[in-house]
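Shown next, in structure tokens, is the structure this report addresses.
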Amino acid sequence: MLNIPDFFESFDRRGGFPALPEVISEIVHEIDAERISIVDLARLVQKDMSFAVQILAHANSPAYNMPNRVTNLSLALQIIGLRPLKALCLTIPLFTRFKHIMGLPELWYHSRVTALCTRIAAEKFRQTLQVDVEVAETLGLIHDIGKVFLFLEADEFMQCQMQLADDPQTLPDWKRERKALRFDHSFIGTRFGRKFNLPPAMLDALLYHHEPEKAQYQQELVYLCALGDQVATMIGAIHPDFRFVEPQILEIQKRLGLLPVHFQDLLQECVRRSLGISLIET
Ligand SMILES: [Fe+2]
Ligand SMILES: [Fe+2]
């Protein structure tokens, strides 16, 4: 059995989290410094053509419901916004580089659909919950990022986890991770978020996306991310290592004040817009 020192000792010995590609690291640096214009940012993004293409594809995704195809990179960056752009910088290179690992394409699909569902919920309930739509979408995109490092560092364990994914008697992924490893993907994801200077409210949401009642900052936001995660699973964008909706979905709806009719409406819109997201995109 792995324990925390073993896992992180070997993880740190191997260099810790993989470095971002040079241009993308520069983009993250400029976003954090908050002084770059959109036009200069577009010039920077253009230096990495494959990333630029993925950014354009993202701006044309169902998250933004654009009436016409977006082909201009500056416009794409404006539509996406800086926070989600930073999340894309932290996720696209990782999922692209490791897409050959079994389970990761499915996890990337789940993450993108969770981002969409969290965004839709934030748009719909913006007035009552007073949450930032961009922050909500960002959280949805990165909520399970810690799992990528489990796939990389504890591959045998994750392959066993995937074999249990269909078993209705099995515990949820994060509970099995805690039982076997004494930590879970939320913990590693938070460590990753800290490395890239994510704000405390986002770190809190990364850490507690399976236990939103424990969140210290902006609890509504954490509940919203937990809702997006469960809705994504409900509409078929499942985790590779656990395929069921957790009973806490009822408590989440109650905590967010969602009546059954609101939830039904949310589900329908998530199903409709998620049709534009494909499993094979990277
Ligand atoms: Fe998770
Ligand atoms: Fe998830």
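Computed from a predicted model, the values in this text were never measured in an experiment. For ligands, and for the atoms within them, numbers begin at 1 and follow the listed sequence. Throughout, residue positions are numbered sequentially from 1 according to the sequence presented. Side chains included, hydrogens not; waters and symmetry mates left out as well; all remaining heavy atoms used.
- The angle subtended at the Fe ion (ligand 2) by NE2 of His239 and OD1 of Asp229 is 100°, given to the nearest 10°.
- A side chain to side chain contact (heavy atoms under 4.5 Å, CB included) with Thr114 is found for exactly one of Arg119, His143, Glu137, namely His143.
- Between His209 and His185, the ring planes lie tilted relative to each other; the angle falls in the 30° to 60° range.
- In this structure, the separation between CD1 on Ile80 and CD1 on Ile38 is 9.5 Å, given to the nearest 0.5 Å.
- Around the Fe ion (ligand 2), the two atoms NE2 of His110 and OD2 of Asp144 are separated by an angle of 100°, to 10 degrees.
- Rounded to the nearest 0.5 angstrom, Glu106 CD and Asp241 CG are separated by 9.0 Å.
- To the nearest 10 degrees, the Fe ion (ligand 1) sees NE2 of His210 and NE2 of His209 at an angle of 90°.
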